[in-house]
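In what follows, a structure is listed as structure tokens, so that the remarks can point back to it.
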There are 4 protein chains.
Amino acid sequence: MRDHVAAGLLEVAARVLAERGDQASMIDIAAAAGVARATLYRYFPNRDALLRALTDAALAELAERIADARLDAVPVPEAVARLTRAMVGAAAKYRGLVIFNKPPDMAREADHALTAPVGELFERGAAEGTFRPELPTRTLIEVYTGLLEGSVVRVLRGRLGVEEASAAITKIFLEGALVRPET
Amino acid sequence: MRDHVAAGLLEVAARVLAERGDQASMIDIAAAAGVARATLYRYFPNRDALLRALTDAALAELAERIADARLDAVPVPEAVARLTRAMVGAAAKYRGLVIFNKPPDMAREADHALTAPVGELFERGAAEGTFRPELPTRTLIEVYTGLLEGSVVRVLRGRLGVEEASAAITKIFLEGALVRPET
Amino acid sequence: MRDHVAAGLLEVAARVLAERGDQASMIDIAAAAGVARATLYRYFPNRDALLRALTDAALAELAERIADARLDAVPVPEAVARLTRAMVGAAAKYRGLVIFNKPPDMAREADHALTAPVGELFERGAAEGTFRPELPTRTLIEVYTGLLEGSVVRVLRGRLGVEEASAAITKIFLEGALVRPET
Amino acid sequence: MRDHVAAGLLEVAARVLAERGDQASMIDIAAAAGVARATLYRYFPNRDALLRALTDAALAELAERIADARLDAVPVPEAVARLTRAMVGAAAKYRGLVIFNKPPDMAREADHALTAPVGELFERGAAEGTFRPELPTRTLIEVYTGLLEGSVVRVLRGRLGVEEASAAITKIFLEGALVRPET
DNA sequence: TATGAATGAGTGTTCATTCAT
DNA sequence: TATGAATGAACACTCATTCAT
């Protein structure tokens, strides 16, 4: 029961924080949830605890999706597609909270959970010669995560659908936007 | 004289807002500029006015860079390269303020200033058959701006250089990250 | 049954209030008693009622001890000794609650219960020529009760024992701390 | 100018804290001083700082009075008289704040400033055979400080004057309340 | 003109108290 | 009856903004 309510509050909090940004107040969140401020504090002893719980949940969801994707069992391009879908999906569900608005002391942990799988995959791609050699792996990773982050914002704003965004990101990142000159 | 001081304050404000995020206080900004809070208020009657002025300056700079780029005088791929450099450069200089932290009532204007040139260019690309036909122009635009925004964040964090980012974004967006199968 | 539980709660409350001071919360008291907050409210409808009940109990105990002391049946010095022991004992048992932390509207009643026996005794002493005539009875009473109060605090802090304090207070108050010049 | 205002606020704070007890709010103090809450915070960055400043001032005053008293230059009984007057005077002026309501982390320091001169004086008295040998010095000290504290409360309540209390405390503590049997 | 001082409105947090089970 | 849950009112503290010098 308790967990159920807490989960509901988290969901509302995610929505409000996404809408109003990090400066959304506990007042805003409690009001959006239709409870008194003190009730919110029953479940999360302070603002930080709430943000932390939110980030925890988002990271857990993300980790699960990535694990389900079995990235190392498929070729790199397919793995990129799956990773993209996992990240866009999780970020959209949690309103981008994995990516933005991390409580400062979790930034490291969050960044790691986010960056690690990306790093591994791109290292493999580099080793296997999948990616253009003139682009350093580090740069590739930054641009890819930047692309993800920027696109998720659009998804959150309702300008792109999750599926639409995932597919387009994957396609453009891997093959580019230009029409291929036929050989 | 007056304008000169105001410009200096704006510069400081841009730096502080980029460092501390949107929750940087007028106190922070005034302190960083080495003036009293009340002095800051002499030049910008309130917080909103300051943010607006900042955004105005950034948009003006961006518009100038884009005009200089003569986008319609070159082929679409080259225009994308120039536009990318213009946007990354301007955003980096103004600490991303064109893109994030827009005062709510300027969002529309800012988005327009940002989106309009992108829109025109991509429409032309579509008309000329430069882009993959299976990707709707609207989607292309969103993903491109998302890529820009996400990458600028990395530049601001010092993880990518301006030139490095511009080149990589252009290359990846146009041609993809995959190594081309030789014909 | 009910009274028994209430008495137990009062005892716990006295201990907690003595330890944490007047700012001890109902939370603290309920937790120390091992019951839910709401249960505490079953027995004492609000914080004030609890404090009042506590003071009532302490005053009753004090009145009983004083009655047992048969003050008017013994010479004034012996009566002072007994009164002192009664007051220090009662105050120590109830953690000084008779003396401090009285609910404002009971202050008068409490002060009276405290002051009345002292007043009677000192009036008798004055009438009988027991006390130095240059010290007004009123002053004597104030200094004596002040001495009691201040000493009880030390007893509660564990710096003096009840017996030790009672004996020393009586001796010093009556005969002074100076060594007597032998006649 | 600044210091002057701060001193005025301290004075008001001392009065309010003495009246309302330790739970007096910053609201109460600011209102009593006729300023806005935020103004109070300009001078004392938080509640603790205010209490600390108050205690500092009181301890300084007390130390000065005690130094002025040249306790070691006079016989013990006269020294007790001077010490008593110094302590009652300082405590009355600062509303007993040296004695009660010490911020927890200053308790040690405050107790020391208070206890040290008392301890020295009573040790000397014991060494010189001034005090009754059957009363341990430690007990003497506790009872004396208790007497002081209890009497100061009466002074603060307006039931005793400073001079009246000082004289009575000294007389009773040294020679007792009983009329001396003539030799 | 530049600034120190003052303040109203809001935020996070706690606590006494009430309600539904 | 006993309790977990919910809440309104208060408090410490911050910040954008105004005023007097």
Side-chain angles (χ1 to χ4, degrees), chain A residues 1-2 4-6 9 20 22-31 33-51, chain B residues 1-2 5 9 20 22-31 33-51, chain C residues 1-2 5 9 20 22-31 33-51, chain D residues 1-2 4-6 9 20 22-31 33-51:
Chain A
M1 188 87 278
R2 195 165 197 116
H4 196 252
V5 175
L9 289 175
R20 303 253 218 301
D22 197 13
Q23 79 270 31
S25 71
M26 294 297 265
I27 297 178
D28 293 336
I29 296 172
V35 301
R37 255 176 12 252
T39 303
L40 192 52
Y41 278 95
R42 249 189 86 65
Y43 292 91
F44 305 98
N46 51 46
R47 194 173 200 282
D48 237 49
L50 195 163
L51 292 187
Chain B
M1 187 85 279
R2 205 174 186 102
V5 176
L9 289 175
R20 302 254 217 301
D22 196 14
Q23 78 269 34
S25 71
M26 295 296 268
I27 296 178
D28 294 335
I29 295 172
V35 302
R37 261 173 346 222
T39 305
L40 190 53
Y41 278 93
R42 273 221 159 285
Y43 291 90
F44 305 99
N46 53 43
R47 196 172 199 282
D48 238 50
L50 195 164
L51 291 188
Chain C
M1 187 84 279
R2 203 174 190 105
V5 176
L9 290 177
R20 303 256 217 298
D22 197 14
Q23 79 270 33
S25 69
M26 296 296 267
I27 296 179
D28 294 334
I29 296 171
V35 302
R37 257 167 356 214
T39 304
L40 189 53
Y41 278 93
R42 274 222 159 281
Y43 291 91
F44 306 98
N46 54 43
R47 197 173 198 281
D48 239 49
L50 195 163
L51 292 187
Chain D
M1 187 86 280
R2 194 164 197 120
H4 195 252
V5 176
L9 290 176
R20 303 253 217 300
D22 197 13
Q23 79 270 32
S25 71
M26 295 297 267
I27 296 178
D28 293 336
I29 296 172
V35 302
R37 255 172 12 247
T39 304
L40 191 51
Y41 279 95
R42 250 188 87 64
Y43 292 91
F44 305 99
N46 53 44
R47 196 173 197 281
D48 238 50
L50 195 166
L51 293 188

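Small disclaimer: the values here were computed from a predicted structure and weren't measured. Throughout, protein chains are lettered first and strands after them, A, B, ... in sequence-line order, and every chain is numbered starting at 1.
Place B/Tyr41 and D/Asn46 on DNA chain F by their nearest nucleotides, and D/Asn46 ends up nearer the 5' end.
Atom CG of B/Leu50 and atom P of F/dC15 are 16 Å apart (whole Å). Whole-Å rounding puts the C/Ile29 CD1 to E/dC15 P distance at 12 Å. Distance A/Gln23 CD to E/dG12 P: 11 Å, rounded to the nearest Å. Atom CE of D/Met26 and atom P of E/dT11 are 21 Å apart (whole Å). Between the CZ atom of C/Phe44 and the P atom of E/dA16 there is a distance of 15 Å, given to the nearest Å. Between the CD1 atom of A/Ile27 and the P atom of F/dC13 there is a distance of 18 Å, rounded to whole Å. Rounded to a whole Å, the CZ atom of B/Arg20 is 11 Å from the P atom of F/dC15. Distance CG (C/Leu9) to C1' (F/dA2): 12 Å, rounded to an integer number of Å.
Shown here are the side-chain hydrogen bond (donor to acceptor under 3.5 Å, both in side chains) partners of D/Asp28, two or more places apart in sequence or in another chain: D/Ser25.
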Check residues 36-45 of chain A and write down every donor-acceptor pair under 3.5 Å in which the side-chain atom is one partner and the other belongs to a residue at least two apart or another chain.
none

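Shortest non-hydrogen contact noted between A/Arg47 and A/Gln23 is NH2-C, 4.2 Å.
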Table of protein N/O atoms under 3.5 Å from nucleotides 5-8 of chain E N/O atoms:
unit_1	atom_1	unit_2	atom_2	d
E/dA5	OP1	D/Arg2	NH1	3.4
E/dA5	OP2	D/Arg2	NH1	2.3
E/dA5	OP2	D/Arg42	NH2	2.4
E/dA5	O5'	D/Arg42	NH2	3.4
E/dA6	OP2	D/Tyr43	OH	2.8
E/dA6	N6	B/Arg37	NH2	3.4
E/dT7	OP2	D/Ala36	N	3.0
E/dT7	OP2	D/Thr39	OG1	2.6

Could you spell out the base pairing of DNA chain F in dot-bracket, with Watson-Crick or G-U pairs whose two distances are under 3.5 Å, [ ] crossing and | to another strand? .||||||||||||||||||||

